[in-house]
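All remarks here apply to the structure that follows.
Position 1 is the first residue of the sequence; numbering continues from there.
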Amino acid sequence: MFNLRHNSSDTVYGVLVDISSGTVGIAIVASPKGAKLPQLIYTHRNTMRITEHGSEKSENIRRVREALFSASLILSQEGKQVLNEFDSNAVITKMYVTCSSPWSYTVARTVHFEDNVPFRITNSIINDLIQSAESEILNHIRGVEHVTSNGFSIVERATVDITVNDYPVVHPLNLKGTILGLSHITGLVPQEILDAVNEVQEKLFTETELRTHTYMLIMYCVLRDIFPRLNTLCIVDITGEETEFAIVENGLLIENSSVPVGSNTFIREIMKSTGKPSADIQSHMSLVGNEAHLNAAEFTPHIESYKKQISETLSQLLEHRSIPADIVITAHKPFERFFAPIIENVFKDTIKNEPRILSISQNIIDEISHGAGDDVYLALGARFFHKLHGCSELHYE
């Protein structure tokens with residue numbers, strides 16, 4: 001257990017945990033008061049072995065739990081030593097957890113209240129709209145086929161925009177109008193994952209403040225900070241088992257969707273068709289800059305299948321909204337560089353526009369001083385932790 005003595009310094013120390021499908025990362029971050037950026041003092045990531053046959057949802061959760069406990073124990077030993085060398089008086093006071101798809105859902109809904117005559121806006125009306133938005137979100141989650149046995153729990157909720165008569169307002173209370181609109185985002189994580197996180201906190205990081213976020217909400221907040229003038233974009237996150245899309249329009253996260261194929265899924269299918277071990281396939285995927293990595297015969301049918309699924313999802317989104325041409329892609333190395341041209345080509349063919357890939361990964365990593373690894377997810381988490389973005393929630397009272 002970490003020493004939790006009173007910390008008299010102006011630096012806040014925290015533990016970051018990044019839970020994805022197939023991998024769990026953990027880090028110690030230092031957030032100096034007044035500094036532009038944080039420091040990642042220690043990072044470690046446990047990557048689960050890719051087998052030819054995918055596991056059931058319950059088995060995958062068990063593997064994630066094991067990777068989480070293993071990474072946490074390593075941090076409590078190696079990380080503690082590194083932290084003591086960095087600052088012998090350091091005190092861990094916060095624990096921030098990030099969950100990516102499929103271990104999270106980030107769902108946005110916009111709801112409205114209308115009347116023929118002007119009405120005065122009250123807390124009661126706003127709260128009713130929030131409840132209506134969350135009911136729609138929970139009904140959406142219940143309709144998902146692969147919900148876990150114990151369901152999902154809400155870890156974060158944020159009202160990010162309120163309009164009166166279609167005009168954005170910051171202080172709507174006591175205003176009058178005939179139409180009240182409200183945009184609300186809810187983040188949900190499987191209860192089994194939350195139970196594992198709580199157990200790690202109780203055993204290793206007692207007395208810390210625990211906060212759990214979905215990756216898309218963190219990404220949304222960090223990108224608003226990095227690109228304050230970029231109000232419309234599409235975020236694409238490629239995890240081990242899913243590819244998740246989020247659309248930001250006029251500065252608001254308004255749509256989220258996913259395809260049940262990720263880097264591990266892709267590798268697993270090639271393992272089945274070729275009999276090659278996963279390490280060989282990953283090595284081949286790392287040959288970015290050499291066109292052979294896309295032209296290899298054993299890759300072609302799986303790339304085409306992946307492109308088809310993404311194209312179908314984008315086409316469904318296009319039925320009710322436009323898709324931005326500015327795209328930010330994140331994935332674990334070396335997969336980002338492998339999948340980026342594939343994603344770019346699908347967007348170009350589907351949205352009938354020339355997409356622009358905004359690469360942030362290396363910039364994010366280079367900006368933040370850290371002790372080990374090139375882990376964009378932990379670097380993003382550190383920036384979020386340091387800036388204390390929350391969800392950019394609108395405080396309307």
Quiz prompt | Carboxylate-amine/guanidinium proximity below 4.0 Å for D195 and R65 | solution = no
Exercise. Give, for atom CD of E354 and atom NZ of K348, the distance between the pair rounded to the nearest 0.5 Å.
Key: 4.0 Å
Exercise. Verify side chain to side chain contact (heavy atoms under 4.5 Å, CB included) between V111 and H184, making sure each step is shown before the conclusion.
Key: CA-CA 8 Å; V111 290; H184 191 73; over 6 Å; no
Practice problem: Can you see which heavy atom on V189 is nearest to which on S104, and at what distance? | Solution: CG2-CB, 4.3 Å
Quiz prompt | Short side-chain to backbone donor-acceptor contact, N165 and T178, under 3.5 Å | solution = yes
Self-check item: Single-linkage hydrophobic cluster F86~I74, side-chain heavy atoms < 4.5 angstrom
Solution: yes
Self-check item: L16 and T98: CA distance, side-chain angles, deciding distance, side chain to side chain contact (heavy atoms under 4.5 Å, CB included) verdict
Solution: CA-CA 8 Å; L16 304 180; T98 307; over 6 Å; no
Exercise. Without swapping roles, check the side chain of T23 against the backbone of N46 for a donor-acceptor pair under 3.5 Å.
Key: yes
Exercise. Would you check, one step at a time, whether the test side chain to side chain contact (heavy atoms under 4.5 Å, CB included) holds for F339 with V236?
Key: CA-CA 10 Å; F339 283 104; V236 182; over 6 Å; no
Quiz item: Quick one: does T106's side chain have a donor or acceptor within less than 3.5 Å of a partner on T214's backbone?
Solution: no
Quiz prompt | Taking every non-hydrogen atom, the tightest pair across H112 and G181 | solution = CD2-CA, 3.6 Å
Quiz item: Under the 3.5 angstrom rule, does the side chain of R211 hit a backbone N or O of E156 as a donor-acceptor pair?
Solution: no
Exercise. Assess the side chains of T43 and D375: does a donor N or O sit below 3.5 Å from an acceptor N or O?
Key: no
Quiz item: Would you call R383-D225 a salt bridge at under 4.0 Å N-O?
Solution: yes
Exercise. Any chance you could measure M219, atom CE, to F384, atom CZ, to the nearest 0.5 Å?
Key: 13.0 Å
Quiz item: Are the side chain of S31 and the backbone N or O of P38 linked by a donor-acceptor pair below 3.5 Å?
Solution: no
Exercise. Mind listing the closest non-hydrogen atom pair of V169 and P172 along with its distance?
Key: CG2-CB, 3.7 Å
Quiz item: What's the shortest heavy-atom distance between G262 and I238, and which atoms?
Solution: CA-CG2, 4.3 Å
Quiz item: Can any side-chain N or O of D237 pair as donor or acceptor with the backbone N or O of F245 at less than 3.5 Å?
Solution: no
Quiz item: Would a distance-only check, ignoring hydrogens and angles, find a side-chain to backbone donor-acceptor pair under 3.5 Å from S311 to K307?
Solution: no
Quiz prompt | Considering all heavy atoms, the nearest F347-C234 contact | solution = CZ-SG, 3.8 Å
Quiz prompt | Side chains of H302 and S273, donor plus acceptor under 3.5 Å | solution = yes
Quiz item: Just by distance, do the side chain of Y377 and the backbone of I19 share a donor-acceptor pair under 3.5 Å?
Solution: no
Quiz item: Which heavy atom of E241 sits nearest a heavy atom of S21, and at what distance?
Solution: N-OG, 2.9 Å
Practice problem: Please answer whether the main-chain N or O of E66 pairs with a side-chain N or O of S70 as donor and acceptor at a distance below 3.5 Å. | Solution: no
Quiz item: Given side chains that start at C-beta, do those of I267 and Q282 come closer than 4.5 Å, heavy atoms only?
Solution: yes
Quiz prompt | Criterion side chain to side chain contact (heavy atoms under 4.5 Å, CB included) on N60 and M48, from CA distance to verdict | solution = CA-CA 10 Å; N60 283 332; M48 289 167 266; over 6 Å; no
Practice problem: Just say parallel, tilted or perpendicular for the rings of H213 and Y96, cut-offs at 30° and 60°. | Solution: tilted
Quiz item: Any donor and acceptor pair, going by atom type alone, linking the side chain of T239 with main-chain N or O of S101 inside 3.5 Å?
Solution: yes
